[in-house]
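Position 1 is the first residue of the sequence, and the numbers go up from there. Fair warning: this is a prediction, and the values are worked out from it, not measured in the lab.
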Amino acid sequence: MEQKFCQSCGMPLTNEILGTNTDGTLNEDYCIYCYKDGKFAQDMTMEQMIDHCAQFTDEINRQSGQNLTQEQAKDMMRQFFPHLKRWKNRLVMFIAILTYKKPLGEVDRFLQAHREYLAKHYAAGDFIASGPQTPRVGGVIMIKADNREAVDAIIAEDPFHINGIADYQIVEFTPTMFANDSLKSFLQ
């Protein structure tokens with residue numbers, strides 16, 4: 001018999017720890033720690049779930065015979081979790097809020113290179129919208145990416161970042177409501 005795993009936390013599933021549906025029947029996809037009475041026990045991002053599960057690295061090592069550090073366990077989870085039902089095809093969005101650290105004259109020196117960078121990532125499907133703040137103290141970029149590491153790699157290419165022009169605040173969120181279904185389809 002093939003080993004099944006919780007489609008949220010990756011824990012090996014046994015009948016004793018199956019989650020429950022709203023009608024009290026057992027749910028074959030999720031463990032009781034992740035899914036109870038037809039809903040997820042915690043509303044969290046995949047990265048938050050990885051951080052939570054990494055706390056149990058010693059137990060994972062005992063059960064698997066491995067000797068992983070927490071960081072190695074997290075790296076393995078980052079490879080495994082995107083294939084789990086809860087995280088597969090989950091729409092994750094990021095907003096990058098740029099705040100200029102240099103005078104506008106210095107910002108303008110790198111503006112054309114920054115626009116070329118933006119165009120490259122619009123073409124790749126990474127960026128949804130962008131523009132300057134009002135008043136012009138920085139900018140905002142709405143980003144579609146699989147995880148924070150991908151966003152960090154994208155930001156590292158920005159000429160504003162490379163040349164110390166702006167600081168970046170990254171906000172991760174999971175959209176759950178949309179103006180219309182075509183917008184949801186566009187973002188996925």
For residues 159-172, which side-chain donor-acceptor pairs fall under 3.5 Å, sequence neighbours excluded?
from   : atom 1 : to     : atom 2 : distance (Å)
Asn163 : ND2    : Pro159 : O      : 2.8
Tyr168 : OH     : Asp158 : OD2    : 2.8
Tyr168 : OH     : His161 : N      : 3.0

Identify every side-chain donor-acceptor pair in residues 92-105 under 3.5 Å, counting partners at least two apart or on other chains, and give the distances.
none

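Note that the CD atom of Glu28 and the CG atom of Leu13 stand 8.5 Å from one another [nearest 0.5 Å]. Atom SG in Cys34 sits 8.0 Å away from atom CE in Met44 (nearest 0.5 Å). Atom NE2 of His114 sits about 6.5 Å away from atom OG of Ser130, to the nearest 0.5 Å. Taken from CD1 in Ile17 to CD1 in Ile32, the straight-line distance is 9.5 Å, to the nearest 0.5 Å. Between the CG atom in Asp75 and the CD atom in Glu71 there is a gap of 6.5 Å [rounded to 0.5 Å]. The CG atom of Asn147 sits 9.0 Å away from the CG atom of Asp152 when rounded to the nearest 0.5 Å.
Within 6.0 Å of the CE atom in Met76, the count of heavy atoms belonging to other residues, nucleotides or ligands does not exceed 12.
Residues passing the side-chain hydrogen bond (donor to acceptor under 3.5 Å, both in side chains) test with Asn61: none are found, sequence neighbours excluded. Take His52 and apply the side-chain hydrogen bond (donor to acceptor under 3.5 Å, both in side chains) test, not counting sequence neighbours, and it matches Gln55. With sequence neighbours excluded, no residue satisfies salt bridge (charged side-chain N to carboxylate O under 4.0 Å, His left out) with Asp58. Remark: Gln112 engages Glu116 in a side-chain hydrogen bond (donor to acceptor under 3.5 Å, both in side chains) (not counting sequence neighbours). Listed by chain and number, the residues in a side-chain hydrogen bond (donor to acceptor under 3.5 Å, both in side chains) with Ser64 are Gln66 (sequence neighbours excluded).
Closest heavy-atom contact between Glu157 and Lys120: OE1-NZ, 3.1 Å. Across Val151 and Ala145, no two heavy atoms sit closer than the pair CG2-CB, 3.7 Å. Taking every heavy atom of both residues into account, Ala54 and Gln70 meet most closely at O-NE2, 3.2 Å. In terms of heavy atoms, Cys6 sits closest to Cys31 at SG-N, 3.3 Å. Across every non-hydrogen atom of Thr57 and Leu68, the tightest pair is CG2-O, 3.4 Å.
Criterion: ILVMFWY side-chain heavy atoms under 4.5 Å apart, direct or through other members. Under it, Ile60 and Ile50 are part of a common hydrophobic cluster. Hydrophobic cluster membership is shared by Met77 and Leu84, with clusters built from Ile, Leu, Val, Met, Phe, Trp and Tyr side chains linked at under 4.5 angstrom. Residue Met49 is not grouped with residue Phe56 when hydrophobic side chains (ILVMFWY) are merged at heavy-atom distances under 4.5 angstrom, including chains of intermediate members.
Identified under the salt bridge (charged side-chain N to carboxylate O under 4.0 Å, His left out) test for residues 128-138, with sequence neighbours left out: Asp108-Arg136. Pairs passing the salt bridge (charged side-chain N to carboxylate O under 4.0 Å, His left out) check and including a residue from residues 30-46, sequence neighbours excluded, do not occur. Within the structure, the salt bridge (charged side-chain N to carboxylate O under 4.0 Å, His left out) test picks out no pair touching residues 5-14 (sequence neighbours left out). The salt bridge (charged side-chain N to carboxylate O under 4.0 Å, His left out) pairs that include a residue from residues 17-26 number zero, where partners must be two or more places apart or lie in different chains.
Within the 4.5 Å cutoff, the side chain of Lys88 has no heavy atoms near those of the Gln7 side chain. Ser8 is not listed as a side-chain neighbour of Phe81, based on a closest heavy-atom distance of 4.5 Å or more. Using a 4.5 Å heavy-atom cutoff, the side chains of Ile155 and Ile143 are in contact.
In this structure, Tyr35 shares a hydrophobic cluster with Tyr30, Phe40, the cluster being traced through Ile, Leu, Val, Met, Phe, Trp and Tyr side chains under 4.5 angstrom apart.
Judged by distance alone, the side chain of Asn21 and the main-chain N or O of Leu26 form a donor-acceptor pair under 3.5 Å.
The six-membered or imidazole ring of Tyr117 lies near that of Phe127, with a centre-to-centre distance under 6.0 Å.
Between the side chains of Thr45 and Glu47, no donor N or O sits under 3.5 Å from an acceptor N or O.
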(Q) Let's go through Gln42 and Gln48 carefully: what are the C-alpha distance in whole Å and the side-chain angles of both, what is the deciding distance for side chain to side chain contact (heavy atoms under 4.5 Å, CB included) to 0.1 Å, and is it a yes or a no? (A) CA-CA 10 Å; Gln42 300 96 9; Gln48 289 170 325; over 6 Å; no

